[in-house]
Amino acid sequence: MAKMYYENEISKEALAGQTVAIVGYGSQGRAHAMNLKESGFDVVVGLYEGSPSVKRAEADGLKVMSVSDAARAANVVMILVPDERQKKVYDEGIAEHMTAGKSLVFAHGFNIHFGQIVPPADVDVYLIAPKGPGHLVRRVYEEGRGVPALVAIHQDASGKALDKALAYAAGIGAARAGVLETTFKEETETDLFGEQAVLCGGATELVKAGFDTLVEAGYQKEIAYFECLHELKLIVDLLYEGGFENMRFSVSDTAEYGDYMIGKRIINENTRAEMKKVLSEIQNGDFARAWIEENEKGRPIFNKIKAAELEHPIVETGKNLRSMMSWIKQSEVK
Ligand code: NAD
Ligand code: MG
Ligand code: MG
Ligand code: MG
Ligand code: MG
């Protein structure tokens with residue numbers, strides 16, 4: 001059984017009197033900074049000069065400094081810039097301020113696990129990874145609830161790294177939902193696998209393949225969009241709320257029979273074998289190396305595929321249909 005921690009068993013004492021620097025003010029950065037501040041923590045935001053996020057953070061009532069000044073001023077430095085920029089930001093603005101007794105903190109283990117950032121031995125290094133996008137970490141906190149999070153310890157110089165990590169997790173609201181203990185290795189590898197095979201890569205290709213099959217067979221694009229993309233949310237809500245059995249209870253027996261008979265033909269032994277291969281490329285570092293190299297080259301492949309994906313007919317079809325559903329527009333995240 002995984003070790004879980006909840007709010008009633010966590011003391012915020014381990015971080016009492018400490019200043020937390022949130023470096024980066026994007027999806028996770030804003031959520032962490034605002035939630036920690038409202039939970040009573042002393043928070044500063046570190047941004048590069050001229051960052052468009054400066055205005056936003058200041059408008060939110062936060063103290064903004066350069067990355068270097070924030071790292072100097074803080075006891076706890078949480079790095080929330082994009083993973084592929086963390087090494088540079090750390091080397092240029094943070095490393096020299098990571099003096100004995102401070103904490104270096106991450107929301108994803110990529111740079112520590114793959115050896116991009118190597119902190120000094122006398123600082124605590126830990127991870128608090130919310131299992132949801134930053135916008136939800138903020139919205140759900142405001143509603144008095146929390147997005148669950150993982151915590152992991154890479155270095156425990158003070159002997160209190162876990163207490164500090166749990167105090168931080170409670171500060172962003174995660175302990176209301178549950179904080180699960182893991183390792184940097186497990187968090188990094190499972191996060192990459194999940195987004196590649198199931199959540200992002202798996203889901204979008206499944207939707208596209210279904211949409212294309214219907215459209216190529218002569219069905220209307222709008223029908224294909226509703227059937228393969230829009231309705232997926234309704235199904236996922238049922239899965240989220242009550243697992244497979246809840247979804248299968250709610251759908252018709254015809255749908256349930258189709259699920260049992262056909263699902264295994266779509267996600268078959270080949271798909272499972274490919275998933276194993278994908279996982280081994282994450283574990284042996286091939287994926288990380290390719291992504292680091294892609295960034296060093298200025299993202300030629302990433303940019304090309306991103307542009308091509310925007311040309312897929314599902315994009316235009318979806319835009320038109322969603323423009324008629326005002327309630328969806330409201331919650332679209334920017
Ligand atoms: P993001 O792209 O939303 O935001 C990054 C922010 O970093 C930008 O808004 C900018 O303010 C800042 N920034 C960029 N370059 C900078 C620089 N050179 N110096 C200072 N600031 C700079 O990033 P994100 O999605 O919030 O990801 C941050 C971390 O959180 C990553 O480690 C990511 O893996 C992790 N994480 C993200 C999610 C998610 O759903 N977005 C979930 C869990 C963990
Ligand atoms: Mg991820
Ligand atoms: Mg994830
Ligand atoms: Mg149907
Ligand atoms: Mg049923």
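Reckoned from all heavy atoms, side chains included, excluding hydrogens, waters and symmetry mates. Please read all numbers here as calculations on a predicted model, not as lab measurements. Each ligand, and each atom within it, is numbered from 1 in the order the structure gives.
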Going by the atom numbers of ligand 1, which of them fall below 4.0 Å from some non-hydrogen atom of [X]?
{"X": "His108", "value": "32 (O), 34 (O)"}
{"X": "Arg85", "value": "14 (C), 15 (N)"}
{"X": "Pro130", "value": "43 (C)"}
{"X": "Gly26", "value": "3 (O), 4 (O), 6 (C), 9 (O)"}
{"X": "Val89", "value": "17 (C), 18 (N), 19 (N)"}
{"X": "Gly132", "value": "40 (O), 42 (C)"}

So, 4.0 Å and heavy atoms of Gln86: is ligand 1 close enough to count as a contact?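 Under 4.0 Å: yes for Gln86.
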Quick one: does Ala129 get a heavy atom under 4.0 Å from ligand 1?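 Contact check Ala129 vs ligand 1: negative.
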Suppose we only allow N, O or S atoms; which atom of Glu195 ends up nearest to the Mg ion (ligand 2)?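 In Glu195, the heteroatom (N, O or S) nearest the Mg ion (ligand 2) is OE1.
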Check which hydrophobic residues are tied to Leu150 through side-chain heavy-atom contacts below 4.5 Å, counting indirect links as well, and list them.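 Leu150 clusters with Met4, Tyr6, Leu180.
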Taking N, O or S atoms only and a limit of 2.8 Å, check whether Asp83 reaches the Mg ion (ligand 2).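 Checking the Mg ion (ligand 2) against Asp83, no N, O or S atom falls under 2.8 Å.
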Geometric cation-pi criterion, Lys3 with Tyr5: 6.0 Å, 45°: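 Checked: cation-pi criterion met.
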Under 6.0 Å between ring centres, would you say that holds for His154 and Phe184?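 Yes, the ring of His154 comes within the 6.0 Å limit of the ring of Phe184, centre to centre.
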Step through it carefully: locate the ring centre of Phe110, locate the ring centre of Trp291, and say whether they are under 6.0 Å apart.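 No, ring centres 6.0 Å or more apart.
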Please classify the [X] to ligand 1 contact at 4.0 Å (heavy-atom distances, strictly less than): side chain, backbone, both or neither.
{"X": "Leu80", "result": "both"}
{"X": "Val67", "result": "side chain"}
{"X": "Ser27", "result": "both"}
{"X": "Gln28", "result": "both"}

Would you say the side-chain atoms of [X] pair up with the backbone N or O of [Y], donor to acceptor, closer than 3.5 Å?
{"X": "Thr188", "Y": "Lys185", "value": "no"}
{"X": "Ser323", "Y": "Asn320", "value": "yes"}
{"X": "Arg176", "Y": "Tyr141", "value": "yes"}
{"X": "Asp163", "Y": "Glu13", "value": "no"}

One thing to verify: whether Asp91 and Lys88 come together as a salt bridge, which I'm taking to mean a side-chain N less than 4.0 angstrom from a carboxylate O.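 Judged by the 4.0 Å cut-off on N to carboxylate O distance, Lys88 and Asp91 do not form a salt bridge.
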Between the candidates Tyr25, Phe110, Tyr48, which shows the shortest non-hydrogen contact distance to atom 19 (N) of ligand 1?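 Selected option, by shortest heavy-atom distance: Tyr48.
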